[in-house]
Amino acid sequence: MKPVKLRRSFYNRPTLEVAPDLLGKVLVYHSDKGMLSARIVEVEAYIGQDDPACHAARGLTNRNKPMFGPPGFTYIYFVYGMYHCLNVVTESEGSPAAVLIRAAEPVDGLDVMLSNSFKKSNKNLLSGPGRLCRAFGLSREQNDLDLTRDAIYIENRNMKVTNIQRSARIGIKVGCELLWRFYDADSTEVSNSR
DNA sequence: TGAATGATGCGCT
DNA sequence: GCGCATCATTCAT
């Protein structure tokens, strides 16, 4: 079956529905070094002003602005002085929420990913949000792009996911009681928990 | 194989 | 200044 690019209506839904639905979908980025793609295997939901771990918890700022915008846009931010994290914005405009793409399995453009990451083996190439952005060459230049119009988007290639698990989100100190991390337990590329 | 730690820049208080 | 939706490296077991 032909790949189908996800439409805005896919993202314009409750984030806890969008997040698990993204597992098995394929992230595609037409970079200036070539086309890169990867099967998404781990995500986390960050939802609104009541989620203390969500960047939008303290209201609109210049950084978190994309989350407040319409669904189907990228939200890429810089963290820990050296890494970027890729999110896809969900829910309607004015309702700040997003899904963090934490890990994926390489599909197309493995050579470019390795080169971007300064790595020789594909071990842990995309297993973690910082690693994934590094391999894809994503930075704030790709922040707030339209996943329905720009060079980065997500496709449905009808890849099956048979073993979806959920857990607490990783790397946060608040909101740990919420089981808003979803992952494909059959994938070897899921990042290390705890 | 797991815990501790340093690297590193920027948004926000 | 502080803390961060991380990761590679180092050191201990």
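The sequence lines fix the lettering, A, B, ..., with proteins before strands; numbering per chain opens at 1.
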Checklist entry - Is there a side chain to side chain contact (heavy atoms under 4.5 Å, CB included) between A:Asp51 and A:Trp180 once you walk through the steps? => result CA-CA 11 Å; A:Asp51 173 7; A:Trp180 285 0; 3.5 Å; yes

Checklist outcome for this item: Between A:Leu60 and A:Lys65, the two heavy atoms sitting closest are CD1-CA, 3.7 Å

Item to check | A:Arg169 vs C:dT6: side-chain N/O to OP1/OP2 distance below 4.0 Å | outcome: no

Checklist entry - Does C:dC7 have OP1 or OP2 sitting under 4.0 Å from an N or O in the side chain of A:Arg134? => result no

Output the rounded distance in Å from [atom1] ([X]) to [atom2] ([N]).
| X | N | atom1 | atom2 | answer |
| --- | --- | --- | --- | --- |
| A:Lys173 | C:dG3 | NZ | P | 9 Å |
| A:Phe182 | C:dA5 | CZ | P | 19 Å |
| A:Lys119 | C:dC7 | NZ | C1' | 10 Å |
| A:Leu126 | C:dT6 | CG | P | 16 Å |
| A:Asp51 | C:dA5 | CG | P | 11 Å |
| A:Phe118 | C:dT9 | CZ | P | 13 Å |
| A:Leu86 | C:dT6 | CG | P | 14 Å |
| A:His55 | C:dG3 | NE2 | P | 16 Å |

Checklist entry - Is the distance between the ring centroids of A:Tyr75 and A:Phe73 less than 6.0 Å? => result no

Item to check | Rounded distance (nearest 0.5 Å) linking atom NZ of A:Lys5 with atom CG of A:Leu147 | outcome: 9.0 Å

Checklist entry - Near DNA chain C, under 4.0 Å by heavy atom, which residues of residues 88-100 of chain A? => result A:Leu100

Checklist entry - Tell me, which of residues 59-83 of chain A have any heavy atom that sits under 4.0 Å from an atom in DNA chain C? => result A:Met67, A:Tyr77, A:Tyr80, A:Tyr83

Checklist entry - Around atom CZ of A:Arg8, are there more than 12 heavy atoms of other residues, nucleotides or ligands at under 6.0 Å? => result yes

Checklist entry - Do the side chain of A:Arg166 and the main chain of A:Leu179 share a donor and acceptor less than 3.5 angstrom apart? => result yes

Next on the checklist: Main chain of A:Lys25, side chain of A:Asn156: is a donor-acceptor contact present, judged purely on distance under 3.5 Å?
Outcome noted: no

Checklist entry - If you draw the axis of the six-membered ring of A:Tyr183, does the NZ or CZ of A:Arg102 fall within 45° of it and under 6.0 Å from the ring centre? => result no

Next on the checklist: For the residue pair A:Arg134 and A:Phe118, would you count it as a cation-pi contact if the rule is NZ or CZ under 6.0 angstrom from the ring centre and within 45 degrees of the ring axis?
Outcome noted: no

Checklist entry - So, A:Lys119 versus A:Asn122: side-chain donor-acceptor pair below 3.5 Å or not? => result no

Item to check | Partner of A:Asp108 under salt bridge (Lys or Arg N to Asp or Glu O under 4.0 Å), chosen from A:Arg157, A:Arg39, A:Lys33 | outcome: A:Arg157

Checklist outcome for this item: DNA chain C in dot-bracket form (Watson-Crick or G-U pairs under 3.5 Å, [ ] crossing, | inter-strand) is ||||.|||||||.

Checklist entry - Hey, does A:Asn87 reach any base, or is it just sugar-phosphate, or nothing, if we go heavy atoms under 4.0 Å? => result base

